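The structure appears below as structure tokens.
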Amino acid sequence: MGDGHDVVDGEVGDTATLTPEQRDVPTWTEPLAAAASTPVGGPLGDHAAIGRHWFWTPLRVALLLAVIGLTIGWFGKAACVQQYFNEDSQQLELDWRSSRPFTAMCYSDVIPLYSAERLNEGGFPYETSWVDDEGKPTAHTRYMEYPVLTGLFQWVNAKLADGWLNLANAGWLPTGLAVTVFFDISAFWLALAWLVTIWAVARTARLRPWDAALIAASPLVMVHAFTNFDTLATACAATALLAWSRRRPGLAGLLLGIGAAAKLYPLFLLGPLLVLCLRGGRMREWRRTTVVALLTWAVVNLPILVAFPRGWWEFFHRNSLRGADPDSLYNVVTQFTGWPGFDGQLPFGQTPVWLNLVSAGLFLLCCAGIAYVGLTAPVRPRVAQLSFLVIAAFLLTNKVWSPQYSLWLVPLAVLAVPRWRLLLAWMTVDALVWFPRMAFYLGEDKKGLPVEWFLSFVVVRDLAVIGLCALVIYEIYRPARDLVRRGGHDDPHGGVLDGAPDRFVVRGRRQANRAGARPAGGPSPEPPGSSEPSGSGSPPSGSVSGSSSTVDRATRNA
């Protein structure tokens, strides 16, 4: 299927002119897709007219699959917004009796946050404060604990819910509990953000648009699209990568800054871009992206910081106080070994200083290792490959891995290592962690699972992510195994990096004799004996700088 035209190396052409290596036909290249096509007649024929259907393009198919998956996800959470009439209080209430969120496995942060963040009281976030545990030794003042755009997103949806109920009371719309209306409105925008994520990835992966169907059909989306507000950040990160791939670094920085104001992780993508732009001699574009991203984040945050400094700081304050969450590797070690943790038992409200330092230090150490990989690989890695490694390293080393954080990895994984069976297996394992989690939260006194069972699933999930990271690193050092590079492509998602000559490479002993060759898609090396410079500005062989090999030559010599 297709729209009649594909984009190849920046040019639009009829798919009939594409070579077999350039055509994106999953039933030819993916055993999973070939097997799934059996009920409808089997894989596409050799002489089929590819890309000529008038309506069903890969993007539209992916969006349709996403709508189906998001609908399943909404129904999965809908059990937690069911209402019943309480005869004692003579009013409608949420039916959370008998630990319903855990027995129905429908829990969503969106629902309790409506009252927990005092959105039901109509106050402005970051200005409104309240006291938790009032009258107890643990009493403390609270504010909205989310980044600015996520907090304002919740506030706007609460106002829309108020408007809906006003119209309902006037007989214009069906009525219901305010929290139910708030959840449904929030779910609509979150679903739209995920559709934007799919659109951006399909446009970024222009040579493999069918890979976006993996995002649409991901089991993680069905479980976690409405668990929290993370699809807002994934949409910003995905569109930023699209802008970068279209050689618009300023727009990419704008979108990264907006995403960071909703959830901090999009800013981490500046790290991989730094390493690759340093190697490719594209530091001007990186500086532009970084400056715009930081300025955008500052512009969004500054009004709240100036007007309500204590409320603005709550997000950072609360995160500094958090201990090791149940999903973290630190908690796994604590539970299985009896180790008291880096800080031991802390009284309420005390910061786990050592845990914070260790988790931050491990993440920085992983980033240094990823930078080393990026600078020593025989061919410059793709943007998506290093980006996936950085975000995966953050999740694995962080003291908090909330279940919906796994959504961050989905678009990056599809761009970095588009192997359908492996990705679907990982996403299924990750999604299935939700069920022992809910059984663990139910409590053993209510026939829930003991913590050891839940943590065993967490370990399997972490091992799956580590396995994907190992595969990405393997393909970085063996670029001929990279599916995206087939057909002689360098980095179709790389924007200004695609085909750029290497300017800075850390050479090991085995790489010392490789200078003078070109990256895939880059400028050709000079013929032997030429006394003229190559035009790429490459220093002489033997320095820390130089050109990289072609994909094939790098693979043979590695």
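Heavy-atom basis, side chains included; hydrogens, waters and symmetry copies ignored. Bear in mind that the values here come from a model prediction, so they are computed numbers and not experimental data.
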Provide the full list of salt bridge (Lys or Arg N to Asp or Glu O under 4.0 Å) pairs with a residue in residues 296-316, sequence neighbours left out, each pair given once. Arg142-Glu314, Arg310-Glu314
Do we see a donor-acceptor contact under 3.5 Å between the side chains of Thr227 and Lys77? yes
Verdict with reasoning, Asp211 to Trp420, per side chain to side chain donor-acceptor pair (under 3.5 Å): CA-CA 8 Å; Asp211 289 339; Trp420 288 25; 2.9 Å; yes
So which pairs with a foot in residues 88-120 pass ring pair (Phe, Tyr, Trp, His ring centres under 6.0 Å), sequence neighbours left out? Tyr114-Phe182
Should we say atom CH2 of Trp130 is surrounded by more than 12 heavy atoms from elsewhere, each under 6.0 Å from it? yes
Geometric cation-pi criterion, Arg461 with Trp401: 6.0 Å, 45°: yes
My understanding is that only residues two or more places apart in sequence, or in another chain, count here; which of them pass disulfide (SG to SG under 2.5 Å) with Cys106? Cys80
Salt bridge (Lys or Arg N to Asp or Glu O under 4.0 Å) contacts in which one or both residues fall within residues 106-127, not counting sequence neighbours: Arg118-Glu121
Please list, one pair per line, the donor and acceptor atoms closer than 3.5 Å that link side chains of residues 235-242 to other protein atoms, with sequence neighbours excluded.
from	atom 1	to	atom 2	distance (Å)
Thr239	OG1	Ala235	O	2.8
Thr239	OG1	Cys236	O	3.0

By side-chain contact (heavy atoms from CB on, under 4.5 Å), Ser456 pairs with (sequence neighbours left out) Phe336
Does the pair Asn157 and Ser186 meet the rule for a side chain to side chain donor-acceptor pair (under 3.5 Å), with working shown? CA-CA 6 Å; Asn157 289 337; Ser186 299; 3.1 Å; yes
Ring-face cation contact, Tyr84 with Arg97, 6.0 Å cut, 45° max: yes
Not counting sequence neighbours, list each pair that qualifies as a salt bridge (Lys or Arg N to Asp or Glu O under 4.0 Å) and has a residue in residues 252-266. Asp230-Lys263
Mind checking side-chain hydrogen bond (donor to acceptor under 3.5 Å, both in side chains) for Trp74 and listing every partner two or more places apart, or none if nothing turns up? Asp184
According to ring pair (Phe, Tyr, Trp, His ring centres under 6.0 Å), does anything in residues 228-264 pair up with another residue at least two apart or in another chain? List the pairs. Tyr146-Phe229, Phe153-Phe229
Going by the rule side-chain contact (heavy atoms from CB on, under 4.5 Å), which residues pair with Leu422 if we only count those two or more places apart in sequence or in a different chain? Arg419, Leu471
Which side-chain N or O atoms in residues 296-309 pair as donor and acceptor under 3.5 Å with protein atoms at least two apart or in another chain?
from	atom 1	to	atom 2	distance (Å)
Thr296	OG1	Val292	O	2.7
Asn301	OD1	Trp312	NE1	2.9
Asn301	ND2	Trp297	O	2.7

Go through it in stages, so that I can follow the logic: the residues are Lys399 and Asp325, the test is salt bridge (charged side-chain N to carboxylate O under 4.0 Å, His left out), and I'd like the CA-CA distance, side-chain angles, deciding distance and then a yes or no. CA-CA 6 Å; Lys399 63 179 182 177; Asp325 263 22; over 6 Å; no
Could you go through residues 387-398 and list every donor-acceptor pair under 3.5 Å that involves a side-chain atom there, pairing it with any protein atom two or more places apart or in another chain?
from	atom 1	to	atom 2	distance (Å)
Ser387	OG	Val383	O	2.8
Thr397	OG1	Ala393	O	2.7
Asn398	ND2	Val400	O	2.8

